[in-house]
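Data first, discussion second: the structure below is written as structure tokens.
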Amino acid sequence: MSDNPFVGSWTYRSLLNDPDVSSAFDALEFGRGTIVIADAPMQILIGTIGGPDWSLALKGARDYGNPMHARFQGTGIIGGEQWVYDYDGYLVPPWPNGVDQRAAIVGSVIRTIPHSGSSPGSVSPSGVVASFYAVRSG
């Protein structure tokens, strides 16, 4: 068993930071997928993030503290072009009286370089920041 609390599978979701409470929840989705973090030497974070038809290699660092911290970058070739996203997250400390609390990482993600969007001819621009959370799934 690893002493690295980030090791394992995590269900990942990210949401646009829209302050309008009347915005439809579905309209806030920025991304979703699975993060798999592998065991690595002290302070190193490696793994993957991906979903149907896409996968990025994760490489970064983790820090002990309260809360524990991880900062990593996801890179890969998707549809013939480079994708780069940077992540900064914190492991949520357990509540003393929490009921069925699952381990979770919360933080923010930024699209570091632009890439093609989901609609033909559209571009997903660099610099877009979203909030994310990942819940341990395995």
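This chain uses plain numbering: 1 for the first residue, then up along the sequence.
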Atom CG of D20: over 12 foreign heavy atoms under 6.0 Å: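 Above 12, so yes.
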Got a donor-acceptor contact below 3.5 angstrom from the [X] side chain to the [Y] backbone?
X: W83; Y: G79; answer: no
X: R13; Y: E29; answer: no
X: S131; Y: S108; answer: no
X: Q101; Y: W95; answer: yes
X: R111; Y: P125; answer: yes

How close do [X] and [Y] get, heavy atom to heavy atom, and via which atoms?
X: Y90; Y: P67; result: CD2-CG, 3.8 Å
X: I78; Y: D53; result: CG2-O, 4.0 Å
X: P5; Y: W10; result: O-CZ2, 3.6 Å
X: L16; Y: A27; result: CD1-O, 4.1 Å
X: F132; Y: S14; result: CB-CB, 3.8 Å

Any residue meeting salt bridge (charged side-chain N to carboxylate O under 4.0 Å, His left out) with R102, in chain and number order, not counting sequence neighbours: none
Results of salt bridge (charged side-chain N to carboxylate O under 4.0 Å, His left out) for R71 - residues two or more places apart only: D88
Quick one: [atom1] on [X] to [atom2] on [Y], what's the gap to the nearest 0.5 Å?
X: L45; Y: D63; atom1: CG; atom2: CG; value: 10.5 Å
X: Y87; Y: T112; atom1: OH; atom2: OG1; value: 8.5 Å
X: R136; Y: I35; atom1: CZ; atom2: CD1; value: 11.5 Å
X: L58; Y: F72; atom1: CG; atom2: CZ; value: 5.5 Å
X: I37; Y: T48; atom1: CD1; atom2: OG1; value: 9.0 Å
X: I105; Y: R62; atom1: CD1; atom2: CZ; value: 11.5 Å

Find out whether [X] and [Y] are in side-chain contact, i.e. whether some heavy atom of one side chain is under 4.5 Å from a heavy atom of the other.
X: D39; Y: F6; value: no
X: V109; Y: F30; value: yes
X: Y133; Y: T11; value: no
X: P93; Y: N66; value: yes

M68 with M42, same ILVMFWY side-chain cluster at under 4.5 Å: yes
Hydrophobic cluster identity match, V7 and L91, side-chain contacts under 4.5 Å: no
Qualifying residue, where the test is side chain to side chain contact (heavy atoms under 4.5 Å, CB included) with S122 and the options are P120, S119, S124: S119
Test applied, side chain to side chain contact (heavy atoms under 4.5 Å, CB included); reference residue, P114; option that passes from V128, V123, V84: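 The single option meeting the side chain to side chain contact (heavy atoms under 4.5 Å, CB included) with P114 is V123.
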Candidate pair Q82 and T75, rule side-chain hydrogen bond (donor to acceptor under 3.5 Å, both in side chains), full reasoning: CA-CA 7 Å; Q82 182 76 32; T75 60; 4.7 Å; no
Within the 6.0 Å centroid threshold, strictly below: H115 and Y85: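 Yes, they do, as the ring centres are separated by less than 6.0 Å.
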